[in-house]
Amino acid sequence: MEQPHLELMSRPRRNRRTPAIRSLVRETDLSPSRLVLPLFVHRGDDDEAIESMPGCHRYGLEGLVDAVERASDVGVQAVVLFEALPDELKTPTADAAADPDGLIPRSIAAIKTAHPDVVVMTDVALDPYSSDGHDGIVAPDGRILNDETVAILVEQSLAHARAGVDIVAPSDMMDGRVGAIRVALDDEGFTDVGILAYTAKYASGFYGPFRGALDSAPAHGDKKTYQMDPANVREAIRELQADIDEGADMVMVKPAGPYLDVVRAVAEVSPVPVAAYQVSGEYLMIKAASAAGWLDERSIVLETLTGIRRAGADLILTYHAVQAAGWLDER
Ligand code: PBG
């Protein structure tokens, strides 16, 4: 007997019928090799849980190398390093930022010795080192001094390059820093060290838990004179143009989830790979909601990361990297 049926010329559900068919027609791939794991280091030997970011730690050098190993074991081949400096070592001129014997240079060397193939990226900015908690030098009248700051960022980048970093990632949003860093690296023979520019970094409330992790919240004022206005997207293209002209190898949009239209706009015209940073607040919202039993962590993490890839990001910085890689492996 003939089944009753609608006369449909098109039944999109046919392409969704089995897991194998779905994977044949999937438009967006998400794989661990696209993920970058941000890691925090501190001067203690012991690893310290970060209250504002459940599941994340401030690592000592040994713990750091172990964390890199766990990441690389599940296919996450890149990390980006941030230092949590004790308050008493922070100064108005962020002196520890460019210390050649500082913790970041030592961390780079430790990782490169143990895992030479892992891509080591470092954050370049002054806020973890500044007693003002700003990414730049603060003048007595409260202005953030651009060119004075760039001079220190250059020294910070050189200190990382001498220690063996693969890619420096300036997150400060000063004008002209990518070009200044490029010239200085080349002058010292570091033509192979790459620059991942934080190109469209917005003045976002989503950085709150990260500032808790580093105790790096601004002592006065906010970051709106250097980080971008969340209302703007055209300006992201202007920043992109500048970073490309100055020699950026990769560009970034940050945060990721609330700025997918910016990721899309940048990806459509960028001649270099585009990164997106799923930041601490995005991480914490997922962690908090799943800890309360309100959301399923696994599906939410994979869905948000897929969304960021679908919007056009080639690589994604995410605190979920290792967990996500484990889940991707099971799929
Ligand atoms: C600082 C920096 C910040 C983040 C990365 N680098 C915080 C800020 O700009 O205040 C945020 C990362 C996150 O929230 O996960 N240069």
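Order of appearance sets the numbers: ligands from 1, and atoms from 1 within every ligand. Note that the structure is a prediction, hence the values are computed from the model and not measured.
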If you count every heavy atom of other residues, nucleotides or ligands that lies below 6.0 Å from Asp229 atom CG, does the total exceed 12? yes
Contacting atoms of ligand 1, where contact means under 4.0 angstrom from a heavy atom of Tyr277: 12 (C), 15 (O)
Using heavy atoms and a threshold below 4.0 Å, how should the contact between Ala125 and ligand 1 be classified: side chain, backbone, both, or neither? side chain
Glu239 side chain near Met173 side chain, heavy-atom distance below 4.5 Å: yes
With heavy-atom distances below 4.0 Å as the criterion, list the atoms of ligand 1 near Asp135. 1 (C), 16 (N)
Heavy-atom distances under 4.0 Å are what count here, so tell me which part of Asp123 touches ligand 1: side chain, backbone, both or neither. side chain
Output yes when Arg298 and Asp296 qualify as a salt bridge under the 4.0 Å nitrogen-oxygen rule, no when they do not. no
Touching ligand 1 at all, Gln278? Heavy atoms, strictly under 4.0 Å? no
Nearest non-hydrogen protein atom to atom 2 (C) of ligand 1, with distance, is Lys201 NZ, 3.2 Å
Say whether Lys223, considering both its backbone and side-chain N or O atoms, lies within less than 3.5 Å of an N or O atom on ligand 1. yes
Check if Phe82 has a non-hydrogen atom at a distance under 4.0 Å from any atom of ligand 1. yes
Assess whether a salt bridge exists between Arg309 and Asp29, defined as any Lys/Arg side-chain N lying under 4.0 Å from an Asp/Glu carboxylate O. no
Look at Asp186 together with Arg182 and state whether they make a salt bridge at an N to O cut-off of under 4.0 Å. yes
Look at atom 15 (O) of ligand 1 and find which of Tyr207, Phe210, Tyr319 reaches it with the closest heavy atom. Tyr319
Pair Asp73-Arg70, salt bridge (Lys or Arg N to Asp or Glu O under 4.0 Å): steps then yes or no: CA-CA 5 Å; Asp73 281 349; Arg70 285 194 297 279; over 6 Å; no
Parallel, tilted or perpendicular: which describes the rings of Phe82 and Phe210, with under 30° parallel and over 60° perpendicular? perpendicular
Cationic N near anionic O, under 4.0 Å, Asp172 to Lys201: no
Can you tell me which residue and heavy atom of the protein come closest to atom 14 (O) of ligand 1, and the distance to 0.1 Å? Ser280 OG, 2.7 Å
Ligand 1 to Lys254, heavy atom cutoff 4.0 Å, flagged ligand atoms 2 (C), 3 (C), 4 (C), 5 (C), 6 (N), 11 (C), 12 (C)
Donor-acceptor pair, Glu246 side chain versus Gly179 backbone, under 3.5 Å? yes
What atoms of ligand 1 come within less than 4.0 Å of a heavy atom belonging to Asp127? 1 (C), 2 (C), 16 (N)
Ligand 1 and Arg211, any nitrogen or oxygen pair closer than 3.5 angstrom? yes
